[in-house]
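The next block holds one structure in the form of structure tokens; read it before the comments.
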Amino acid sequence: MTRAAVLAGVGSYLPPRRVTNDDLAAAMDTSDSWIRTRTGIRQRFFASEGMATSDLAVEAGAQALKSAGETTADAVVVATMTPDRPCPGTAPTVATRLGLGGAMAFDINAVCTGFVYGLATAQGLITAGTAERVLLIGAETHSSVLNPDDRSTSVIFGDGAGGVLLRAGEADELGALGPTVLGSDGEGADLITVRAGGSRQRLSGSPPGPADHYFAMQGRAVFWHAVTRMAESCRAVLERAGRRLDEVDRLVSHQANLRIINHLADELGVPRDRALVNIDRVGNTGAASIPIALAEADAEGVLRAGEHVLLTAFGGGLTWGSTVLTWPGLQRT
Ligand code: COA
């Protein structure tokens with residue numbers, strides 16, 4: 001019997017402030033039709049005043065625990081590029097607020113690939129015997145770093161959190177994580193950035209440039225990197241898992257842009273209707289996007305027990321990664 005990490009629960013949380021494309025068009029030079037045709041996004045949710053990433057993460061984590069029928073976890077991992085503070089990590093706060101104080105808790109920053117990197121990390125903790133249960137949460141408060149003067153990024157990103165509870169089990173169980181393929185390319189580090197606030201460009205001393213504490217992205221360059229890298233890693237992970245593309249029932253890619261999701265499906269030869277899409281309702285929620293999509297699709301009965309699911313993400317760094325699992329039958333919460 002081979003020890004494996006088994007997905008046992010999912011949860012998600014979207015903050016209450018719904019922002020439509022028309023709301024954005026009232027504040028900047030853009031339009032509902034531009035945003036819908038270029039990105040597929042109709043609306044997104046933003047955290048209310050005073051709400052931080054840990055507040056979103058706690059809600060999603062509580063749901064994931066409940067869905068798994070668990071009250072404890074040995075590890076809490078938060079994937080985020082928008083932590084509550086640069087120091088300390090957000091995960092210890094989340095763990096304590098969930099009543100899991102004492103558990104190991106740390107953050108992962110692999111930008112929009114953070115959740116897939118987190119799955120590999122959780123799998124490693126479980127298969128090594130370091131943990132029996134890992135609560136992995138992707139959470140972002142992008143609204144805290146969006147530049148109101150940059151229409152090319154402000155219209156894309158949303159806030160939210162999604163989480164999964166992974167438990168120790170057997171490799172032949174439904175929900176067991178398969179192999180994971182991860183990669184990075186630091187040559188592209190400047191394509192997706194928040195320039196100031198780290199050790200390279202400090203907030204202390206000489207003041208940063210006027211927009212350097214905001215998120216910035218070279219969208220067009222990122223677009224094709226995203227399609228190419230996700231397609232390559234999907235093929236690599238399927239080969240490692242001994243599965244074929246025509247066996248994929250559900251393609252769950254990072255919700256970066258509807259056109260990226262469609263190009264990826266076409267590139268892989270997976271019918272577009274097998275790709276989960278919720279970017280129209282939530283925007284790009286970064287590290288939270290895959291677990292939010294999983295939680296919503298599970299709650300709606302779109303994901304069914306026994307389906308072969310291919311997960312793939314791409315993000316700043318540059319980073320990318322993919323994994324596979326067979327969807328388990330989860331309790332509805
Ligand atoms: N509203 C209206 N016009 C806009 C706009 C907006 N919100 N944002 C940009 N434009 C304009 C540009 O100024 C440009 O005008 P110009 O031709 O007069 O110079 C025009 O639209 C085209 O801009 P471009 O950036 O080339 O558009 P695009 O088709 O590449 O779409 C993105 C822009 C950002 C939507 C697209 O590149 C993208 O989605 N990239 C991937 C981003 C992503 O997913 N990142 C996360 C990865 S984890």
Side-chain angles (χ1 to χ4, degrees), residues 19-44 79-82 108-118 138-140 142-143 145-160 162 182-185 188-194 211 214-234 252-265 267 275 277-280 282-293 311-322:
V19 177
T20 65
N21 293 345
D22 285 334
D23 293 333
L24 291 178
M28 64 181 73
D29 183 14
T30 189
S31 65
D32 175 52
S33 97
W34 192 96
I35 301 169
R36 267 190 297 109
T37 49
R38 297 295 180 112
T39 71
I41 299 168
R42 288 187 290 114
Q43 61 174 43
R44 73 289 292 141
T80 186
M81 61 151 255
T82 48
I108 289 181
N109 182 355
V111 195
C112 298
T113 319
F115 182 74
V116 177
Y117 268 68
E140 304 285 7
H142 284 130
S143 57
V145 291
L146 288 176
N147 181 350
D149 295 327
D150 181 0
R151 63 181 180 173
S152 71
T153 52
S154 284
V155 303
I156 294 178
F157 293 90
D159 299 342
L182 303 174
S184 76
D185 177 8
D190 287 335
L191 295 178
I192 297 173
T193 54
V194 177
Y214 284 128
F215 179 86
M217 178 176 70
Q218 294 177 37
R220 185 153 285 198
V222 165
F223 193 103
W224 291 111
H225 274 294
V227 174
T228 309
R229 296 304 197 176
M230 284 195 286
E232 283 169 1
S233 77
C234 283
V252 188
S253 74
H254 166 49
Q255 305 286 302
N257 178 323
L258 181 60
R259 287 157 58 220
I260 292 180
I261 299 170
N262 286 338
H263 273 291
L264 175 66
E267 170 71 27
V277 174
N278 72 346
I279 189 170
D280 53 325
V282 303
N284 179 340
T285 57
S289 97
I290 289 180
I292 292 174
L311 304 182
T312 187
F314 175 87
L318 301 170
T319 54
W320 56 86
S322 302

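Atoms within a ligand are numbered from 1 in the order they appear, just like the ligands themselves. Counting begins at 1 with the first residue of the sequence.
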- Query: In terms of ring plane angle, is the pair F314 and W320 parallel, tilted or perpendicular, where the classes change at 30° and 60°?
  - Reply: parallel
- For R42 and T20, indicate whether the former's side chain and the latter's backbone hold a donor-acceptor pair under 3.5 Å. no
- Do any N or O atoms from the side chain of T39 and from the backbone of I156 form a donor-acceptor pair under 3.5 angstrom? no
- Output for pair (L146 CG, T82 OG1), nearest 0.5 Å, gives 9.5 Å
- Item | Atom pair CD (E140) and CG (N284), whose distance is rounded to the nearest 0.5 Å | 8.5 Å
- Message: Show every salt bridge (charged side-chain N to carboxylate O under 4.0 Å, His left out) that has at least one partner inside residues 312-321, sequence neighbours left out.
- Response: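 Applying salt bridge (charged side-chain N to carboxylate O under 4.0 Å, His left out) to every pair that reaches into residues 312-321, excluding sequence neighbours, yields nothing.
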- Message: Heavy-atom contacts with ligand 1 below 4.0 Å: which residues, ordered by chain and residue number?
- Response: D29, T30, W34, R38, T39, C112, R151, S152, V155, I156, M217, G219, R220, V222, F223, H254, A256, N257, R259, I260, N284, F314, G315
